[in-house]
Amino acid sequence: MTDHDRREPAAPSGPGQWVLLSYRLPREPSTPRITVWRKLKRLGVAQISDGLIALPADARTREQLEWIAEEITDSGGTATLWLAHPVMIAEERRLARTMADARTTEYEQVRAQAEEARHQPDDERRRALRRLRAELRRIHRRDYFPPPQRRAAETAVEALHPANTEPESPSGSESSPASALASDTEPDTKPDIEEHSA
């Protein structure tokens, strides 16, 4: 997979175009600075240097950074937005790799939690399914260069769905859903047979 293919989900407005936010906030009070950084982190930004972050440019990322820039100025800071093209393709690849590595870590954490949840009771497994699906949606929104671990995490989470799990018999051996259903619905006629044969 080429770097261009990995950028496709971001729907960039132009080849290699990025939106950059240069900002500065007063050190005190610290609350606005912490709030802004948490929002930037949720967007999955690449940090180029202190006070300078970047995202692949499209309508969504530009609008989101415009909102944050306005919040920064409202908090007494300064913010400037830029549209730029990296001069060197190697620099763009480095940024893409950094962002993909961050998402890889998140996907691996989701996969590990899903695999652990497979051994839990049904109700806990269903709760884990809802929670991890929501977590995947949050990660997808900041996944501009999807790594291979994305598919593995999605597969592990969907494996928690009741339709994808097989019940176990009391002895621990696996039985199919069809056989389990048959045992619950078919009438047990064995006592009558024994009674007539006596």
Side-chain angles (χ1 to χ4, degrees), residues 1 3 5-12 19 21 30-47 53-68 70-71 95-186:
M1 179 180 294
D3 288 292
D5 292 335
R6 296 181 72 181
R7 285 196 56 186
E8 185 177 352
V19 56
L21 170 64
S30 61
T31 299
R33 184 161 45 87
I34 294 173
T35 300
V36 165
W37 176 243
R38 286 177 177 171
K39 291 182 177 181
L40 292 174
K41 188 176 180 180
R42 283 198 296 269
L43 292 178
V45 301
Q47 184 165 6
I53 59 89
L55 283 174
D58 62 19
R60 181 176 67 92
T61 56
R62 289 177 61 176
E63 183 178 35
Q64 288 171 328
L65 290 184
E66 285 172 0
W67 289 342
I68 292 179
E70 183 176 349
E71 182 176 343
L95 288 176
R97 186 165 53 250
T98 298
M99 298 171 77
D101 288 346
R103 303 293 80 76
T104 293
T105 299
E106 293 178 330
Y107 284 130
E108 287 178 342
Q109 291 173 348
V110 169
R111 181 182 58 81
Q113 292 177 43
E115 291 180 349
E116 182 178 353
R118 290 198 69 179
H119 306 290
Q120 302 300 321
D122 289 348
D123 56 342
E124 294 185 17
R125 192 162 58 240
R126 284 192 291 269
R127 284 196 294 268
L129 175 63
R130 291 192 295 269
R131 175 175 57 82
L132 293 176
R133 277 178 170 174
E135 180 63 18
L136 280 178
R137 287 193 294 269
R138 285 189 288 268
I139 299 174
H140 288 170
R141 286 195 289 268
R142 55 179 174 262
D143 186 7
Y144 305 95
F145 307 95
Q149 289 80 2
R150 171 172 173 158
R151 178 61 60 85
E154 292 170 343
T155 300
V157 170
E158 289 309 308
L160 298 176
H161 193 281
N164 299 324
T165 59
E166 294 185 347
E168 294 185 355
S169 65
S171 61
S173 60
E174 294 184 351
S175 60
S176 67
S179 62
L181 179 62
S183 64
D184 291 337
T185 57
E186 292 180 358

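Along the sequence shown, residues are numbered consecutively beginning with 1. Every heavy atom of this structure was used, including side-chain atoms; hydrogens, water molecules and symmetry mates were not.
The CD atom of Q109 lies 11.5 Å from the CG atom of L132; values are rounded to the nearest 0.5 Å. Note that the CG atom of D143 and the CZ atom of R150 stand 5.0 Å from one another [nearest 0.5 Å]. Rounding to the nearest 0.5 angstrom, the gap separating the OG1 atom in T35 from the CD1 atom in I68 is 11.0 Å.
The minimum heavy-atom distance between A114 and L160, with the atom names listed, is O-CD2, 3.4 Å. A100 and P147 get closest at one heavy-atom pair: O-CG, 4.0 Å.
Taking 4.5 Å as the limit, every side-chain heavy atom of Y107 sits out of range of all side-chain heavy atoms of P148. The shortest side-chain heavy-atom distance between R138 and R141 falls under the 4.5 Å cut-off. Side-chain contact between I139 and E135 is present, with at least one heavy-atom pair separated by less than 4.5 Å. Looking only at side-chain heavy atoms (C-beta outward), R151 and P146 stay at 4.5 Å or farther from each other. Under the 4.5 Å side-chain criterion, counting only non-hydrogen atoms from C-beta, W37 is in contact with Q47.
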Using atom types as modelled, flag every donor-acceptor pair under 3.5 Å from a side chain in residues 38-45 to any protein atom, sequence neighbours excluded.
residue : atom : partner : partner atom : Å
K39     : NZ   : E71     : OE1          : 2.7
K39     : NZ   : E71     : OE2          : 3.2

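Counted by atom type alone, Q113 and R131 present one or more donor-acceptor pairs between their side chains at under 3.5 Å. A donor-acceptor pair shorter than 3.5 Å cannot be found between the side chains of T104 and D101. A side-chain donor-acceptor contact under 3.5 Å links E154 and H140.
Panel note: side chain T61, backbone L55; no donor-acceptor pair is recorded below 3.5 Å. Side chain of R111 to backbone of A152: no donor-acceptor contact under 3.5 angstrom is found.
Shown here is E108, whose CD atom has more than 12 heavy atoms of other residues, nucleotides or ligands within 6.0 Å. Dense packing is recorded around CD of Q120, with more than 12 heavy atoms of other residues, nucleotides or ligands lying under 6.0 Å away.
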Tell me, with the steps shown, if D58 and V19 meet side chain to side chain contact (heavy atoms under 4.5 Å, CB included).
-> CA-CA 8 Å; D58 62 19; V19 56; over 6 Å; no

For the pair E158 and R133, evaluate side chain to side chain contact (heavy atoms under 4.5 Å, CB included) and give the outcome as yes or no after the intermediate values.
CA-CA 8 Å; E158 289 309 308; R133 277 178 170 174; 2.8 Å; yes

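Between E106 and R103, at least one side-chain nitrogen of the basic residue sits less than 4.0 Å from a carboxylate oxygen of the acidic one, meeting the salt-bridge criterion. A salt bridge is absent between D123 and R126: the closest approach of a Lys/Arg side-chain nitrogen to an acidic carboxylate oxygen does not fall below 4.0 angstrom.
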